[in-house]
Amino acid sequence: MELIYQSKYYTLYQAANERRFYIDFGQKTIPMNLCQLIALRHKVMSISIEDHFDSDLNKHGFEVLLLCNKEHLFVLNTLEIIDLKALILHGFCALGIAATKQTVTL
């Protein structure tokens, strides 16, 4: 397996011979195909970090993340979410398939 990106809490690997990716969450390593990795990117990037600092929107500061068709469940705190966002952003950039944000100008 080839190391793609490593953050404080997580590590992203690619196994080219298997055509799979692996994310090491510390306590568990999850194998994913490209479609599942893209679905994870969508879920993670849609999490609003600002809500973690507003007690009315996110009272406890945790996110529940379901992966791979609800096979895996993770409860992540604010720091872990920020780190996972960094892993996804830098991992996709390293793979050369980063999504560009579209900005709306008025």
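No hydrogens, no waters, no symmetry mates; every other heavy atom, side chains included, goes into these values.
Counting heavy atoms from C-beta on, the side chains of Leu12 and Gln6 never come closer than 4.5 Å. The shortest side-chain heavy-atom distance between Ile82 and Lys85 does not fall under the 4.5 Å cut-off. Leu76 places none of its side-chain heavy atoms less than 4.5 Å from the side chain of Asp83. Within the 4.5 Å cutoff, no side-chain heavy atoms of Leu65 are placed close to those of Ile81.
Taken together through direct or relayed side-chain contacts under 4.5 Å among Ile, Leu, Val, Met, Phe, Trp and Tyr, Ile4 and Met1 form parts of separate hydrophobic clusters. Leu79 and Tyr10 end up in the same hydrophobic cluster when Ile, Leu, Val, Met, Phe, Trp and Tyr side chains are linked at under 4.5 Å. Connection of Tyr5 to Leu3 is not established within any shared hydrophobic cluster, with ILVMFWY side chains joined at heavy-atom distances below 4.5 Å, either directly or through further cluster members. Cluster annotation: Ile47 and Val64 are assigned to distinct hydrophobic clusters (Ile/Leu/Val/Met/Phe/Trp/Tyr, side-chain heavy-atom contacts under 4.5 Å, transitive). In this structure, Leu67 is a member of the same hydrophobic cluster as Met45, with clusters built from ILVMFWY side-chain heavy atoms closer than 4.5 Å.
The distance from the CD atom of Glu63 to the CG atom of Asn77 is 10.5 Å, given to the nearest 0.5 Å. Atom CZ of residue Arg20 and atom CG of residue Leu37 lie 11.0 Å apart, to the nearest 0.5 angstrom. We find the CD1-CE distance between Ile38 and Met32 to be 11.5 Å, quoted to the nearest 0.5 Å. Atom CD1 of residue Ile23 and atom CD of residue Gln36 lie 10.0 Å apart, to the nearest 0.5 angstrom.
Within 6.0 Å of the NZ atom in Lys28, the count of heavy atoms belonging to other residues, nucleotides or ligands exceeds 12.
His72 pairs by the ring pair (Phe, Tyr, Trp, His ring centres under 6.0 Å) definition with nothing, not counting sequence neighbours. Remark: Phe74 engages Phe25 in a ring pair (Phe, Tyr, Trp, His ring centres under 6.0 Å) (not counting sequence neighbours).
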Under 3.5 Å, side-chain donor or acceptor atoms of residues 87-97 against the rest of the protein: list the pairs with distances, not counting sequence neighbours.
unit_1	atom_1	unit_2	atom_2	d
His90	ND1	Ala86	O	2.8

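The minimum heavy-atom distance between Pro31 and Thr29, with the atom names listed, is CD-O, 3.7 Å.
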